[in-house]
Novice: 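My questions all concern the structure below.
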Amino acid sequence: MSDIPTEQKVVLIRETGGPEVLRYEEDYPVPEVRGSDILIKNRYAGVNFIETYFRTGLYPCEKPYVLGREAVGVVAAIGADVRRFKVGDRVACLSSGTFAQYTAVSEKSNVLKLPDDIQDGELQAVAGSLVNGLTALTLVDEAYKPQVGEIVLVYAAAGGVGQLLIQLLHARSVRVIAVASTDEKLQIAKSRGAEFLINSSREDIVAKVLEFTDGEGVGASYDSVGKDTFETTLQSVKRKGTIVSFGNASGAVPPFSIQRLTPKNLKILRPQLYGYLATREEWEYYSSKLLHLIRSKKLIINITNLSPLEEFKRLTQLLESRQTTGKLLLAIPD
Ligand code: NDP
């Protein structure tokens with residue numbers, strides 16, 4: 001461990017609040033590895049909307065809290081009990097605390113060994129898709145698995161998760177109605193396979209959904225926007241349809257009466273990614289499936305911004321103000 005420093009650069013919060021509470025610190029302790037821990041020297045880390053929820057306090061966390069949920073890097077040190085990894089292995093990890101030069105995780109947690117011949121572009125794609133790609137995969141495999149030819153609704157269609165959802169659904173011959181706030185974003189959604197487009201800034205979402213579905217409504221709605229679109233989603237889903245409410249970009253869905261589901265016999269679920277990756281088998285299955293999709297170029301990870309770690313505040317402000325498409329990635333300093 002001699003070449004591993006004792007202090008490192010990280011992005012963290014010490015209190016909840018707006019973007020002003022985000023801190024780039026250069027003397028945060030490097031975690032120690034014990035037992036079955038591995039220490040990963042991070043190379044790239046993805047930016048996700050969930051960081052906003054922790055920063056604002058919507059999701060609780062102990063402070064100080066190093067942000068970041070996914071990264072790729074190299075194993076820099078291992079604990080005495082580690083069996084599956086060795087120093088020098090390239091790995092991807094789905095873990096908290098990745099906006100840092102070093103992250104310590106248990107080898108039993110969500111860590112994927114990457115092939116030695118993996119290229120830099122693929123590394124970026126993996127770093128930028130562990131959260132979004134695994135979310136999209138589990139949503140279409142488990143939260144609601146649409147039938148061939150079925151029409152479904154996808155919000156934030158040009159966003160990080162949105163573009164991946166559309167590609168996966170299109171590949172399964174599911175017909176996608178994409179919702180986004182600009183025509184430019186809708187063109188991106190179309191290029192990923194969306195068939196029907198709705199500009200939420202100037203069109204009535206429910207009216208357009210009914211027009212595209214001959215008055216019937218969609219079989220399912222994949223809704224990451226939350227508060228602002230809940231009513232729209234309720235009205236857009238057809239009889240016996242499913243609402244997959246998986247995000248809070250506009251705020252959390254307020255409490256509602258379960259009776260609202262009665263008129264159309266609707267189903268609703270509010271899944272979180274980790275609930276689909278709770279066992280080693282689930283992690284191995286979905287992470288290797290994602291890696292295969294990336295390496296075989298069946299899933300395009302559209303990285304639209306690669307910036308140094310210290311610029312996270314600027315990136316999240318762009319993300320939160322709806323000015324981004326695709327995936328934003330951080331390069332971790334050496
Ligand atoms: P996106 O790239 O999709 O960015 C968010 C998008 O949401 C915006 O570009 C915008 O698209 C749309 N949006 C609508 N209303 C608002 C608003 N009031 N403020 C901000 N954005 C708004 O982000 P991600 O891909 O990182 O995440 C997408 C969603 O998926 C998030 O809600 C996230 O929490 C959720 N998620 C949930 C997971 C889970 O386990 N349940 C796991 C991963 C992500 P437009 O302008 O086109 O409307």
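Each ligand, and each atom within it, is numbered from 1 in the order the structure gives. All values reported here derive from a predicted model rather than from experimental measurement.
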Novice: Show which atoms of ligand 1 fall inside a sub-4.0 Å distance from at least one heavy-atom site of Ser250.
Specialist: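 By the 4.0 Å cutoff, the relevant atoms are 17 (C), 18 (N).
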
Novice: Quick one: nearest non-hydrogen protein atom to atom 36 (N) of ligand 1, plus distance?
Specialist: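 Among all protein heavy atoms, the one nearest atom 36 (N) of ligand 1 is Phe246 O, 3.7 Å.
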
Novice: For ligand 1, note which part of Lys327 has a heavy atom under 4.0 Å away: side chain, backbone, both or neither.
Specialist: neither

Novice: Does ligand 1 have a heavy atom under 4.0 Å from the side chain of Asn248, from its backbone, from both, or from neither?
Specialist: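 Within the 4.0 Å criterion, Asn248 contacts ligand 1 through backbone atoms alone.
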
Novice: Is it the side chain, the backbone, both or neither of Lys227 that has a heavy atom closer than 4.0 Å to ligand 1?
Specialist: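 Neither part.
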
Novice: Within ligand 1, which atoms have a heavy atom of Tyr53 less than 4.0 Å away?
Specialist: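 In order of number, 31 (C), 32 (O), 33 (C), 34 (O).
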
Novice: Is the distance between the ring centroids of Phe230 and Phe256 under 6.0 Å?
Specialist: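 When the ring centroids of Phe230 and Phe256 are compared, they turn out to be within the sub-6.0 Å range.
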
Novice: Less than 3.5 Å between some nitrogen or oxygen of Ser224 and one of ligand 1, yes or no?
Specialist: yes

Novice: Polar-atom distance check: Ser181 versus ligand 1, any N or O pair below 3.5 Å?
Specialist: yes

Novice: Is any NZ, NE, NH1 or NH2 atom of the basic residue among Arg90 and Glu122 found under 4.0 Å from an Asp or Glu carboxylate oxygen of the other?
Specialist: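 No, Arg90 and Glu122 are not salt-bridged.
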
Novice: Which atoms of ligand 1 are found less than 4.0 Å from any heavy atom of Val131?
Specialist: 43 (C)

Novice: If you measure only the distance, is there a donor-acceptor pair under 3.5 Å linking the side chains of Asn248 and Tyr59?
Specialist: yes

Novice: Counting only heavy atoms closer than 4.0 Å, does ligand 1 sit against the backbone of Ser200, its side chain, both, or neither?
Specialist: neither

Novice: I need the atoms of ligand 1 closer than 4.0 Å to a non-hydrogen atom of Lys185, numbered in the order shown.
Specialist: 9 (O), 11 (O), 45 (P), 46 (O), 47 (O)

Novice: Check each atom of ligand 1 against the heavy atoms of Val225 and keep those under 4.0 Å away; list them by number with element.
Specialist: 14 (C), 15 (N)

Novice: Short N/O distance, under 3.5 Å, between Gly247 and ligand 1?
Specialist: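 No; the residue has no nitrogen or oxygen that sits under 3.5 Å from a nitrogen or oxygen of the ligand.
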
Novice: Using heavy atoms and a threshold below 4.0 Å, how should the contact between Leu273 and ligand 1 be classified: side chain, backbone, both, or neither?
Specialist: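 Both parts.
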
Novice: Quick check: Thr135 and ligand 1, any N/O pair under 3.5 Å apart?
Specialist: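 N/O-N/O distance under 3.5 Å: no.
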
Novice: What do you reckon, does Ala156 have a nitrogen or oxygen under 3.5 Å from a nitrogen or oxygen of ligand 1?
Specialist: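 Such a contact does not occur with ligand 1.
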
Novice: Pick out which of Asn110, Thr98, Asn48 makes a side chain to side chain donor-acceptor pair (under 3.5 Å) with Glu70.
Specialist: Asn48

Novice: Is ligand 1 under 4.0 Å from a heavy atom in the side chain of Val161, in the backbone, in both, or in neither?
Specialist: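 Under 4.0 Å from ligand 1, Val161 contributes backbone and side-chain atoms.
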
